[in-house]
Number of protein chains: 2
Amino acid sequence: MSALPGGAAEAVPLRAVDVASTRDRLLAAARSVVEEHGYGGASVAAISVAAGVANGTLYRHFGSKAELFVEVFRDVCGREVDAMRAAVEQVGQDGRPDPVERVLAPLDVFARRALQNRTLAWALLAEPVDALVDEVRLEYRRTYRDLLVGLLADAVDAGALPPQDAGLTAAALVGAVGEALVGPVSPRAEPASGTDDSLLSGLRDVCRRATGAPPRGPDRLPQGDGDRR
Amino acid sequence: MSALPGGAAEAVPLRAVDVASTRDRLLAAARSVVEEHGYGGASVAAISVAAGVANGTLYRHFGSKAELFVEVFRDVCGREVDAMRAAVEQVGQDGRPDPVERVLAPLDVFARRALQNRTLAWALLAEPVDALVDEVRLEYRRTYRDLLVGLLADAVDAGALPPQDAGLTAAALVGAVGEALVGPVSPRAEPASGTDDSLLSGLRDVCRRATGAPPRGPDRLPQGDGDRR
DNA sequence: CCACCATGTGAACCGCGATTCACCATGAGC
DNA sequence: GCTCATGGTGAATCGCGGTTCACATGGTGG
């Protein structure tokens, strides 16, 4: 960035860029910085640079850094929820709306997307953030949970799952997936546990069991069939 | 300096034993501050006040704040592990070493202790901490996991659980318990879900299911003990 | 009795990163 | 053309909290 005094027009063509879009550029820049360096690396300076604006410009559009990130997190979390909801719909599509599958599908999508964008997932799940932003996180965790609670209740009503405290199971599921992901997702994860695919399928197994669903196919304990370790 | 509520921090014996080195007082003070205000509230100033020493004294005994907390976390986490191990031993004690119970017992203790000291649990589980301290946390998470992995493998070998990826199940269990606790444990939790006892028993159910253990009672488990809190 | 070391003191220092502010462009309306 | 209003700039400011340092103090050995 050349620091010519008074040369405001040179960094980015001003007219080409809609005035309203600086705000959007900041939002996009913030998201992109978080995706790359996590919330910890998302200083005001870094965001400004990424957006191609000056430090202070941020404050023309947002009351504070935290406010900016509240919007970013809302946006990103919203996408996650949408994707999870879409996955649930998808299940009914192929003609056989297995109620257990409707519980597992969004979890699978959640995990899959997290693995695809680990730094972002880390920021969304566990990274230290502003108190204000943290509330958004909590808010969305609740949303995830509520989504699952509904699906679990449906499955129980349909007789596909044993009666249970759906709220607790939902929380446990979110936690199980979250924890199993936090390892691989956090900085410098060892690939000790194997590929992402094996992680995903293993996770699906644990989740299925946690809901109390009978093992695939026969409703009997798989006794003595091959063991893997 | 008057930032701390005077009464609370005084729990630490101030001048009982001079010889009981200042170092120990600092460690105790640090732990006590974390227990009360979390790591976030554990500034050097707060700790010094709680220990009844000056700001700089801390640096006569520890290279940095982080080093102090490495020791504190090691200590606290060690207690947790000890308690969990003891719980496992306890199971064998009454003559009936149910392998599934040996998996659930430490989880139960973990949850129970967390609920008893929520702020501390929060700090241990999820609160943002120094990188150095974070490594200790990771180290102990792994310890928890390894403990469970061993017990799970035993149970599988004994035929009490279906074959499974023990490492993944262990991570999921820790995560499930953690998440289910983080809600109640984090600032301003609503008691919406009921009492701690119901939480604990529900948690036990989910965990049992997640391991793939057959539902309570029906099968061949030695006795029909009606309830066990 | 004095030098000395260990330990304690707390005000000053410092780096970091969010926030502010005095000052410019530019476009719209008069 | 002149004047606001809007949006942009980036160096200065500020608050926070960890760390340092010049200065006690008190017990010990020479």
Side-chain angles (χ1 to χ4, degrees), chain A residues 1-27 29-30 33-34 37-72 127-133, chain B residues 1-4 12 14-15 17-27 29-30 33-34 37-72 127-134:
Chain A
M1 196 111 354
S2 59
L4 274 185
E10 48 196 298
V12 181
L14 275 188
R15 331 166 141 253
V17 177
D18 262 357
V19 183
S21 83
T22 299
R23 191 187 151 89
D24 291 338
R25 289 231 307 288
L26 281 165
L27 285 167
V33 171
V34 169
H37 305 285
Y39 188 83
S43 65
V44 169
I47 296 164
S48 303
V49 168
V53 300
N55 222 335
T57 302
L58 192 152
Y59 292 87
R60 293 272 176 220
H61 299 276
F62 302 92
S64 71
K65 181 192 170 186
E67 264 176 46
L68 161 63
F69 272 100
V70 164
E71 223 166 302
V72 170
E127 205 189 345
V129 293
D130 261 86
L132 210 60
V133 179
Chain B
M1 303 333 175
S2 57
L4 273 184
V12 183
L14 275 187
R15 43 180 63 243
V17 219
D18 309 86
V19 198
S21 56
T22 305
R23 191 187 153 88
D24 290 340
R25 289 232 307 287
L26 280 166
L27 285 167
V33 172
V34 169
H37 306 286
Y39 189 83
S43 64
V44 170
I47 296 164
S48 304
V49 168
V53 301
N55 221 334
T57 301
L58 193 151
Y59 292 88
R60 293 275 177 218
H61 300 275
F62 303 91
S64 68
K65 181 192 169 185
E67 263 176 48
L68 161 63
F69 272 100
V70 164
E71 223 167 302
V72 170
E127 207 189 344
V129 293
D130 261 84
L132 210 59
V133 178
D134 204 45

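Chain letters run A, B, ... following the sequence lines, proteins first and then strands; every chain starts at 1.
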State whether [X] places a side-chain N or O below 4.0 Å from either non-bridging phosphate oxygen (OP1 or OP2) of [N].
X	N	value
A:His61	D:dG8	yes
B:Ser43	D:dC16	no
B:Thr57	C:dT9	yes

Using distance only, find each side-chain donor-acceptor pair of residues 44-51 of chain B under 3.5 Å and give its atom names and separation, not counting sequence neighbours.
| unit_1 | atom_1 | unit_2 | atom_2 | d |
| --- | --- | --- | --- | --- |
| B:Ser48 | OG | B:Val44 | O | 2.8 |

Estimated bend of the helix from C:dC1-D:dG30 to C:dC30-D:dG1 (axis per five terminal pairs, rounded to 10 degrees):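 Computed angle between terminal axes is 30°.
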Without decimals, in angstroms, what is the distance between [X] [atom1] and [N] [atom2]?
X	N	atom1	atom2	value
A:Phe62	C:dA18	CZ	P	15 Å
A:Leu68	C:dT19	CG	C1'	14 Å
B:Arg23	C:dT7	CZ	P	11 Å
B:Lys65	D:dC16	NZ	P	15 Å
B:Asp130	C:dC16	CG	C1'	14 Å
A:Leu58	C:dG17	CG	P	16 Å

So which protein N/O to nucleotides 20-23 of chain D N/O distances come out below 3.5 Å?
none

Taking every non-hydrogen atom, the tightest pair across [X] and [Y]:
X	Y	answer
B:Val72	B:Ala30	CG2-CB, 3.8 Å
B:Ala66	B:Leu132	CB-CD2, 3.9 Å
A:Val33	A:Gly41	CG1-O, 3.8 Å

Would you tabulate the pairs of protein nitrogen or oxygen atoms and nucleotide nitrogen or oxygen atoms of nucleotides 13-15 of chain C closer than 3.5 angstrom?
none

Rounded distance (nearest 0.5 Å) linking atom OG1 of A:Thr22 with atom CG of A:Leu58: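 These two atoms lie 11.0 Å from each other.
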Sugar-phosphate only, base, or nothing, as touched by B:Val44 at under 4.0 Å among non-hydrogen atoms: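 Result for B:Val44 = base.
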A:Phe62 side chain reached by A:Val70 side chain, heavy atoms, under 4.5 Å: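 Of all side-chain heavy-atom pairs linking A:Phe62 with A:Val70, none is under 4.5 Å.
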Residue pairs involving residues 53-72 of chain B (criterion side-chain hydrogen bond (donor to acceptor under 3.5 Å, both in side chains); sequence neighbours excluded):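 side-chain hydrogen bond (donor to acceptor under 3.5 Å, both in side chains) check on residues 53-72 of chain B returns B:Arg23-B:Glu71.
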Selection from C:dT9, D:dT9, C:dG8 that lies nearest to any side-chain heavy atom of B:Val53: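 In terms of side-chain proximity for B:Val53, the closest of C:dT9, D:dT9, C:dG8 is C:dT9.
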Test side chain to side chain donor-acceptor pair (under 3.5 Å) applied to B:Asp130 - qualifying residues, sequence neighbours left out: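 Listed in chain order: B:Tyr39.
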